[in-house]
Each structure stands twice: as C-alpha cells, then as structure tokens.
There are 2 protein chains.
Amino acid sequence: MSENVTAQEGVLRELRILIASGQLEPGQQVVQDSLAASLGVSRVPLREALKVLEGEGQVTYHPHRGYFVADLSIDDLVEVYRIRSLLEDEAIRVGVPLLTDEDVEYLEDILNDVEAAAKSQDVSAVTAANRRFHFALFEASNMPRLVRLIKNQWDATDAYRGVYFAAPTNLAHMNQEHRTMVAALRARDVEKSVALQAAHRENSVSVVSQVIKKP
Amino acid sequence: MSENVTAQEGVLRELRILIASGQLEPGQQVVQDSLAASLGVSRVPLREALKVLEGEGQVTYHPHRGYFVADLSIDDLVEVYRIRSLLEDEAIRVGVPLLTDEDVEYLEDILNDVEAAAKSQDVSAVTAANRRFHFALFEASNMPRLVRLIKNQWDATDAYRGVYFAAPTNLAHMNQEHRTMVAALRARDVEKSVALQAAHRENSVSVVSQVIKKP
DNA sequence: CATGTGAAGATTGTATCCAATCCTTGGAGC
DNA sequence: GCTCCAAGGATTGGATACAATCTTCACATG
C-alpha cells in the first residue's frame, strides 16, 4: 500500500472516507479540535486538508465559524451530473481516437479486476476498480486539467454513491455495460462510447437521487 | 471597498495579484518564510491560501519541497480554453433563456462601466468590469458550481492576459463585441450569444498565446 | 574524473500557545 | 412574556517554536 509522505495527505484521505461513509454527516460542523485529536494530528494539517475539500465543494467554509460538511440538494446533484456529462463527453471524444491497442488491453485488465471484486462481493474494491477503469479512459484524452475536474465531480457525490454497488443486480448490469463499452472502444466508436458512458451516469444519478430524497 | 474578514483572505488576494502581475514568476518556488514576512503575516495563513491556489492549478505542490508558481505551456493554455468553452457554452445556453429584462438592463449598466473605464484608459478597471459583465451573464444560468469552474479557468490565465486591454484597438473591438452580444441577449438568441462569447474567447487565446510564446 | 557520502544550512511540516471571534446562557428591564 | 445585553465558554484564526526533510557542497574514495 502507498504510504503517506505527509500527515496532511493521510488526513485528507481519512476525511474523504469520513464524509463518504457519512460518519461526518452533511450539514454538520467540523469541529477541528476534536476531529484533529481523533485523527491523531494537530489542527494545522487538518485545516489545510479542509481547505482542499473546500475547493472541491465537499465542505463549506464560513470565516470565524468553521467548516461544515456540504450537503447536496437535488439541484446540486443535477448540476454536478450536468457538469460531469460536459466534461466526460469531451474526455471521451478526445481520448477514444487516441487509444492504443495497449490502452484497450489495459482497460480490459482493469475490468477483470472489477469482475473479480464483484465475484467476491467486495464492494469497496468494486468501487475502486470501477473508478480506475473510467479514469484510465478519461486520461487517454491527455487533458490532465479536464481529468482533475471530472475527479472533483465524482468526489462530490462519493458520499452518496456507496449504496449502488451493494445490489448484485446492479453489479451484473455494470459488468455488462463495461464489456459493451470496451467493445465500442476497441472499434474506436466515439459516439457509442459517449452514449454508453452517459447511460452509466444515468444509472448513477438515479440511484444517488433516491438516496438524497429519503431523509 | 470590502474589508477582509480574515488575514488569509487578504493573503489570497495579494497572492493572486503577485502571480497575475508576474512578480512571482512562473516556475519559481514560493519560499514561505520570506513571502509571509513580506506580506506581514505568519506562514499559517499563507500556506492555507497556497492550498486554495493549488486547488485552482495556480501553483503546484511537491511534498517537502514546497509550492511553485505554475507556468502554462501552450498545451495547458489550449486545454484551459477548451474547458472554458465547454463550460461557458453551457452557462450561456442555460442562462440566456432565463434572463429577465432587468438582468439585461443590469448587463448594460456594466457595459457602461466598461466603456467609461476604457475612455479613461484605466486598464485594471476595464479588466475588472469586463469580468463582471461576463460573469453576470454566466450567473444567469443559476449553476453556481459551473460558474465557479469557469472562474477557475479565467484565473488560470489571468497572469498572461494583462496585456490585452492595453491596446486601444482591442478595447474598441471589445466594446463593439459587447454591444452586439447584448443585442443577442435581448433577443434571447442563444446560439448567437454562444457564438459571440466564443469569438471573445478566441481573441483572448490568441493574445495570451503570443505572450506565452515569447520567452 | 566520476561517484558516493556526510554534515551544515535552508526550507517545509507539525505541534503548541495565545488572541480574536462567535455562540450560548442567564438575567435585567420593559 | 419579550427583548436586549453582558459574561462565560467554545471555537476558530494566527504566531511562534521545534521537528522532519531536502538541498547543497565539500571531501573522500574508487
């Protein structure tokens, strides 16, 4: 496993997990003193990590009042996915024609990881491998800034997406979609790739919106 | 003028100016100790401000080595403008149909500011008012996250755009473009608005790319 | 000459301490 | 009861001090 070079880096990772898992609830204030203590660091690296999350829209900041876990309204969710579609479509349109045969093979390797994780019911491994797959594709665009923005949009909804891969039917469906997508990639069929990625997003947004509606 | 609630806020503003004006040169390391001293603060608020700029891509960060002012390659520039066009097109497509008559009037008021600043050769006032105009338009979309991303892209090239408004011919050209655009807005002509905004960008990118090429 | 090594200096990373601000709570006045 | 206000506690903002890491450079070694 990759070790942390700085404490702040580890704190950032921990914070993402706390938010994504809902242990830090949306709307709740992030009390720096207690949280820093529970993470075993001082407030300085925690605050810098929070600044990063603020930039990503994961937390909001009010001077002299502190940081609060951002909660997504349905409107926010719609906006995030609209932005995702703009950015992802571009990444795929640019990237697919640039794919080498080795790239396609690499993507298939990742898909094998996804399916292996699915078989062993390891939800977190599935989400991780799924993410690797899609971002390997996006990175084929050779547009690092674009990829970073896409990453931010994914992170913004991470807290709500955990449930998706829990249902076995969803897993099966996803695997099928992935295989279809790789076929489109191998054929360098740009528009079909874009359409399949869009379908993937639609699944995600419908699931997440149900999670948001509940409370 | 708006006062700073926190030092960090002011530091961030100062840093943006230092970068945009080239006093902090691209590629150069940001030495925290001396910079903090010259800004009259300690390293803590400076570091948090740098984290914000890192998130915007204005500086890069290497653990244990520090922050370095990002310099845009031509490739970066092209990417930033490509992203801008994706995002701005969407903002305009969504926003223009939502414009109220009051919104259009407000936009015209800003244009008057722009032209007044142009007449008095106040370059920084022109850039500020120009920015207000375009973002007032973008904000009509009611998509705050989208607007924020656009803002980041503008900031990423701010350091290089200073020259544009120095030339009087550019100023005249810009005023004409703006007036044409307002006419399109008043007619709620979405596609024409998008096209005019695109032309505006093209001007900007050609100017900036010349600035980058030189050194 | 090339290369490794180690110590000193420079710079960043983090902890701790104090100041500034905000929020709560209780009571006084009406 | 309602509103205003003040005091105390809680929390954040920032400065300082120290630890960890990197960089540089002189020097030894092959």
Side-chain angles (χ1 to χ4, degrees), chain A residues 1-19 22-71 148, chain B residues 1-19 22-71 148:
Chain A
M1 214 43 181
S2 72
E3 270 307 312
N4 294 327
V5 178
T6 63
Q8 171 192 134
E9 194 179 332
V11 168
L12 187 53
R13 202 186 316 263
E14 293 293 334
L15 278 180
R16 286 191 202 281
I17 293 171
L18 288 176
I19 293 174
Q23 294 179 260
L24 285 174
E25 290 178 17
Q28 176 184 353
Q29 175 167 11
V30 179
V31 180
Q32 299 169 13
D33 221 335
S34 55
L35 183 55
S38 93
L39 292 174
V41 297
S42 79
R43 282 174 49 214
V44 176
L46 171 61
R47 288 175 53 117
E48 296 193 5
L50 284 169
K51 267 279 172 281
V52 173
L53 293 177
E54 184 198 357
E56 298 174 1
Q58 302 265 62
V59 300
T60 61
Y61 171 66
H62 304 275
H64 294 293
R65 298 195 35 238
Y67 293 87
F68 296 80
V69 180
D71 58 340
R148 191 157 65 99
Chain B
M1 213 45 179
S2 72
E3 271 306 313
N4 294 328
V5 178
T6 64
Q8 171 192 131
E9 194 179 333
V11 168
L12 187 54
R13 203 186 317 262
E14 293 292 334
L15 278 181
R16 286 191 203 283
I17 293 171
L18 287 176
I19 293 174
Q23 294 179 258
L24 284 175
E25 290 178 16
Q28 177 184 353
Q29 176 168 11
V30 179
V31 180
Q32 298 169 14
D33 222 334
S34 55
L35 183 56
S38 93
L39 292 175
V41 296
S42 79
R43 283 172 49 215
V44 176
L46 171 60
R47 287 175 56 104
E48 296 194 4
L50 284 169
K51 267 278 172 281
V52 173
L53 293 176
E54 184 198 358
E56 297 174 1
Q58 302 267 62
V59 301
T60 62
Y61 170 66
H62 303 275
H64 295 293
R65 299 195 35 238
Y67 293 87
F68 297 79
V69 180
D71 59 339
R148 190 157 66 99

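Here is the naming used below: chain letters follow the sequence lines, and residue numbers restart at 1 for every chain.
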[X] has a side chain; which of [options] sits nearest to it?
X	options	value
Arg43(B)	dA17(D), dT11(C), dA15(C)	dA17(D)
Gln8(B)	dT14(C), dA15(D), dG14(D)	dG14(D)
Val31(B)	dT12(C), dG13(D), dA15(D)	dT12(C)
Gln32(A)	dG14(D), dT12(D), dA15(D)	dT12(D)

Rounded to whole Å, please give me the gap between [atom1] in [X] and [atom2] in [N].
X	N	atom1	atom2	answer
Leu46(B)	dG14(D)	CG	P	12 Å
Asp33(B)	dA10(C)	CG	C1'	10 Å
Glu48(A)	dA15(C)	CD	C1'	13 Å
Leu39(A)	dT14(C)	CG	C1'	14 Å
His62(A)	dT21(C)	NE2	C1'	15 Å
Gln28(A)	dT11(D)	CD	P	12 Å
Tyr67(B)	dT12(C)	OH	C1'	10 Å
Asn4(B)	dA20(C)	CG	P	17 Å

Legend entry - Residue pair Leu46(B) / Leu15(B), side-chain heavy-atom distance below 4.5 Å: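 Side chain of Leu46(B) against side chain of Leu15(B), heavy atoms only: contact under 4.5 Å found.
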Legend entry - Residue pair Leu18(A) / Val69(A), side-chain heavy-atom distance below 4.5 Å: no
Inset, instruction - Establish, with yes or no, whether the OP1 or OP2 oxygen of dT14(C) is under 4.0 angstrom from a side-chain nitrogen or oxygen of Ser42(A). - result: no
Inset, instruction - For atom CD of Glu25(A), decide whether the heavy atoms of other residues, nucleotides or ligands shown that lie under 6.0 angstrom number more than 12. - result: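 No, CD of Glu25(A) has 12 or fewer neighbouring heavy atoms, counting only those of other groups under 6.0 Å.
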Give one of base, sugar-phosphate or nothing for [X], where a contact means two heavy atoms less than 4.0 Å apart.
X	value
Gln29(B)	sugar-phosphate
Tyr61(A)	sugar-phosphate
Val30(B)	sugar-phosphate

Inset, instruction - Determine whether the side chains of Tyr67(A) and Lys51(A) contain a donor N or O and an acceptor N or O closer than 3.5 Å. - result: yes
Inset, instruction - Using modelled atom types only, decide if a donor and an acceptor are shared between the side chain of Arg16(A) and the backbone of Leu53(A) within a distance under 3.5 Å. - result: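 Checked: no pair found.
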Inset, instruction - With DNA chain C as reference, determine whether His64(A) or Arg47(B) sits nearer its 5' end, using the nearest nucleotide of each. - result: Arg47(B)
Inset, instruction - Report yes or no: is there a donor-acceptor pair, N or O only, under 3.5 Å between the side chain of Arg65(B) and the base of dG13(C)? - result: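 By the distance-only test, no, there is no pair.
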